[in-house]
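For reference, the structure discussed in these notes is given below.
Numbering of residues begins at 1 and proceeds along the displayed sequence.
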Amino acid sequence: MGSSDKPTKSNSEKVVITVDKLKQMIRNNEEDKIDEIDIITTATCGIMSGTMGIFHIPVAEPKSFRKAEKVYLNGVEGYVGPCPNEFLGTVDITVYGTNYTGNYGGGFLFKDLISKKEVAVEAISNGKTYNKTITIDDIPTAKMIGTRTAFKNYVALTNTGEKEESIKTIFHRRRLKKGEASFSGCGEINPLQNMKLSSNIKEAEKELLGKKILYNGAEGIILGYGTRHSAERPNIMISADIKEMDAHYVGGFVTSGGVEIYTTIAIPIEVNKENKEYLKTLDDDIPLTLTDVLGRIPVGMGTYSEVWKDCELRPKVNVERCRMCDVCIAQRLCPTNAIKPIKHLGNRRLPNEDCFGCGVCVEGCPYGIFSMKRNSICGTPITCRQSDRDRALKLARDLKRRIEKGEFEL
């Protein structure tokens with residue numbers, strides 16, 4: 001991403017480090033060592049609403065129906081594509097990550113497919129319903145497209161209470177109460193924070209087009225700038241094969257305003273003269289605007305260091321406080337359905353690997369099982385986090401490993 005000012009090296013010869021290691025070097029006043037490094041693996045994970053799956057699905061025997069008019073996967077509506085696949089018994093559909101039924105949405109569906117779980121297909125044609133149970137192995141084509149991902153600049157949302165004491169919103173699992181905040185964005189580890197983007201959008205897009213990335217663990221490519229790209233708020237459009245993805249990096253996220261989807265992206269950044277100064281950017285240097293959720297009116301200006309510095313990425317759990325309630329409020333509120341009964345702990349409901357680190361469980365349990373340092377923005381406490389540095393850094397480490405082993409060609 002930009003011209004190199006270093007001798008050409010093979011992948012095995014290149015020095016590769018993860019973005020968190022680089023930032024620690026900068027904080028330790030060791031930035032001169034950056035010239036010894038060739039590649040930085042950067043990453044981000046968070047709510048990516050503009051995500052869709054594109055599928056070609058066999059539904060019934062050939063000649064069964066002319067063309068499907070409606071299709072549902074586990075009850076989630078898919079939009080039938082323009083190709084009729086006339087009398088072939090198959091359908092082309094697009095499923096949005098934000099389509100949902102009840103508390104089950106596209107993100108949960110994609111995760112189930114990647115996990116090779118069975119999915120119920122329902123197709124309607126000419127008043128007749130066709131049903132079939134499939135897994136990802138039965139689907140010839142399954143692609144994911146992120147139409148706008150890895151935004152360089154996000155905002156934090158709060159409820160000033162001028163209109164309502166609590167507000168239904170996609171930015172929080174429950175109604176956003178007066179005097180609390182949520183935020184998105186991985187700050188200094190985000191790929192677009194760490195590369196120079198030309199002020200000439202067309203020229204910059206040419207440099208990005210076709211660049212290889214990891215998208216939920218699958219090798220993918222950048223298709224160009226995203227649907228809401230601007231010079232002030234750059235973002236990218238990306239794609240990869242769903243069949244090659246790792247279910248850990250993608251999933252649903254239930255909010256009070258509907259069901260969202262989270263995804264994870266890792267991008268290698270070349271250390272060259274164009275990118276070098278951007279790679280030195282720290283959370284202290286990245287503004288984070290606090291805005292009122294109603295009308296998006298700015299009410300304060302902070303930085304990403306306020307929300308990420310010394311925070312805890314996962315909740316601490318005090319199992320002894322658990323009262324084995326008939327209805328576990330924390331389990332019911334968990335946006336990613338990560339709180340499950342643990343058999344060897346007497347079926348106490350605790351977070352599993354699907355935990356996103358959002359922090360909603362802290363207020364969810366009335367007996368204080370969960371605690372977590374979530375920080376604040378402009379003095380307003382964070383009660384819901386919609387980006388996950390833990391997952392992002394894990395994928396950055398995986399990308400580093402693949403480059404060093406020759407499994408990812410730059």
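- A salt bridge between Asp398 and Arg402 is present, with a side-chain N of the basic residue lying under 4.0 Å from a carboxylate O of the acidic one.
- The six-membered or imidazole ring of Tyr79 lies near that of Tyr96, with a centre-to-centre distance under 6.0 Å.
- Seen from the ring of Phe408, Lys212 counts as a face-on cation partner, given the 6.0 Å and 45° thresholds.
- Within the 3.5 Å criterion, the main-chain N or O of Glu270 finds a donor-acceptor partner in the side chain of Asn275.
- If you run side chain to side chain contact (heavy atoms under 4.5 Å, CB included) between Asn216 and each of Ile114, Thr263, Leu395, only Thr263 comes through.
- Put simply, the side chain of Arg321 never gets that close to the backbone of Asn318: no donor and acceptor are under 3.5 Å apart.
- Residues that satisfy the side-chain contact (heavy atoms from CB on, under 4.5 Å) test with Thr303, not counting sequence neighbours, are Ser305, Glu306.
- Between the OH atom of Tyr304 and the CZ atom of Phe183 there is a distance of 7.0 Å, given to the nearest 0.5 Å.
- Contact check on Asp388 versus Arg314 returns a salt bridge, with a Lys/Arg side-chain nitrogen under 4.0 Å from an Asp/Glu carboxylate oxygen.
- Under a 4.0 Å N-O distance rule, the pair Asp137/Lys116 qualifies as a salt bridge.
- In the model, Thr18 has a side-chain atom that pairs as donor or acceptor with a side-chain atom of Asp20 under 3.5 Å.
- The two residues Val271 and Ile40 make their nearest non-hydrogen contact at CG2-CG1, 3.7 Å.
- Using modelled atom types and a 3.5 Å distance limit, the side chains of Ser49 and Glu260 yield a donor-acceptor pair.
- Checked by atom type and distance alone, the side chain of Asn85 never pairs as donor or acceptor with a backbone atom of Leu88 at under 3.5 Å.
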* **side-chain contact (heavy atoms from CB on, under 4.5 Å) between Thr169 and Thr255, intermediate numbers included** => CA-CA 7 Å; Thr169 173; Thr255 76; over 6 Å; no
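- Here CG of Asn194 is found 9.0 Å from NZ of Lys152. Values are rounded to the nearest 0.5 Å.
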* Run the salt bridge (charged side-chain N to carboxylate O under 4.0 Å, His left out) check on Arg401 and Glu404 step by step: do they pass? -> CA-CA 5 Å; Arg401 179 190 62 80; Glu404 292 175 333; over 6 Å; no
* To do: Evaluate the salt bridge (charged side-chain N to carboxylate O under 4.0 Å, His left out) criterion for residues Asp354 and Lys111: first the C-alpha distance (whole Å), next the side-chain angles of each, then the deciding distance (0.1 Å), finally the verdict.
  => CA-CA 11 Å; Asp354 291 331; Lys111 191 180 193 76; 3.5 Å; yes
* Audit row: Leu176, Phe171, side-chain contact (heavy atoms from CB on, under 4.5 Å) steps and yes/no -> CA-CA 8 Å; Leu176 182 63; Phe171 298 104; 5.9 Å; no
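- With no hydrogens or angles considered, a side-chain donor-acceptor pair links Asp292 and Thr160 at under 3.5 Å.
- Taking the charged nitrogens against the carboxylate oxygens, Arg397 and Asp390 have no contact shorter than 4.0 Å, which rules out a salt bridge.
- Distance alone, capped at 3.5 Å, places no donor-acceptor pair between the Lys211 side chain and the Ile267 backbone.
- Contact record, Cys328 with Arg349: CB-CD, 3.3 Å, taken as the closest heavy-atom pair.
- Note that OG of Ser239 is 7.0 Å distant from CD1 of Ile54, once rounded to the nearest 0.5 Å.
- A cation-pi arrangement is present between Arg323 and Tyr367 under the rule of less than 6.0 angstrom and at most 45 degrees off the ring axis.
- The CD1 atom of Ile269 sits 13.5 Å away from atom CD1 of Ile37, with the distance rounded to the nearest 0.5 Å.
- Contact between Val80 and Glu69 at its shortest, heavy atoms only, is CG2-O, 3.7 Å.
- Judged purely by distance below 3.5 Å, without hydrogens or angles, the side chains of Thr383 and His172 pair a donor atom with an acceptor atom.
- A donor-acceptor contact under 3.5 angstrom links the side chains of Asp92 and His56, judged on distance only.
- For the atom pair CZ of Arg175 and CD of Glu180, the computed distance is 11.5 Å after rounding to the nearest 0.5 Å.
- Looking at every heavy atom in both residues, Asn159 comes nearest to Gly161 through OD1-N, 2.9 Å.
- Asp35 has a carboxylate O that lies under 4.0 Å from a charged side-chain N of Lys276, or vice versa, which qualifies the two as a salt bridge.
- Ring geometry for Phe55 against Phe110 counts as tilted: the plane angle lies between 30° and 60°, on a 0 to 90° scale.
- Counting only heavy atoms from C-beta outward, the side chains of Ile57 and Ile134 approach each other to under 4.5 Å.
- Salt-bridge check for Lys23 with Glu188: failed, with every basic side-chain N at 4.0 Å or more from each acidic carboxylate O.
- One finds no salt bridge joining Glu164 and Lys177 here, because no Lys/Arg side-chain nitrogen approaches an Asp/Glu carboxylate oxygen to under 4.0 Å.
- Distance CE/Met245 to OG1/Thr264: 10.0 Å, rounded to 0.5 Å.
- Residue Val362 comes nearest to Arg374 through the heavy atom pair CG1-NH2, 3.8 Å, listed as atom of the first residue, atom of the second, then distance.
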* Given Leu282 and Arg27, is the side-chain contact (heavy atoms from CB on, under 4.5 Å) satisfied, shown in steps? -> CA-CA 8 Å; Leu282 298 177; Arg27 289 189 169 88; 3.9 Å; yes
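- Tyr104 and Asp112 are linked by a side-chain donor-acceptor pair at a separation below 3.5 angstrom, with hydrogens and angles left out of the test.
- Without hydrogens or angle criteria, Thr135 side chain to Lys117 main chain gives no donor-acceptor distance under 3.5 Å.
- Evaluation of the ring pair (Phe, Tyr, Trp, His ring centres under 6.0 Å) test over residues 230-256, restricted to residues two or more places apart or in two chains, returns Phe253-Phe356.
- Using modelled atom types, one finds a donor on one side chain and an acceptor on the other under 3.5 Å when comparing Gln24 with Asn28.
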* Asked: Would Lys33 and Glu36 satisfy salt bridge (charged side-chain N to carboxylate O under 4.0 Å, His left out), going step by step from the backbone distance to the final call?
  -> CA-CA 5 Å; Lys33 293 183 179 180; Glu36 302 170 13; over 6 Å; no
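- Here the side chain of Thr41 pairs a donor or acceptor atom with the backbone of Ala396 at under 3.5 angstrom.
- The shortest heavy-atom contact between Lys132 and Pro58 is CD-O, 3.6 Å.
- Contact check for Phe370 versus Ile339: side-chain heavy atoms found under the 4.5 Å cut-off.
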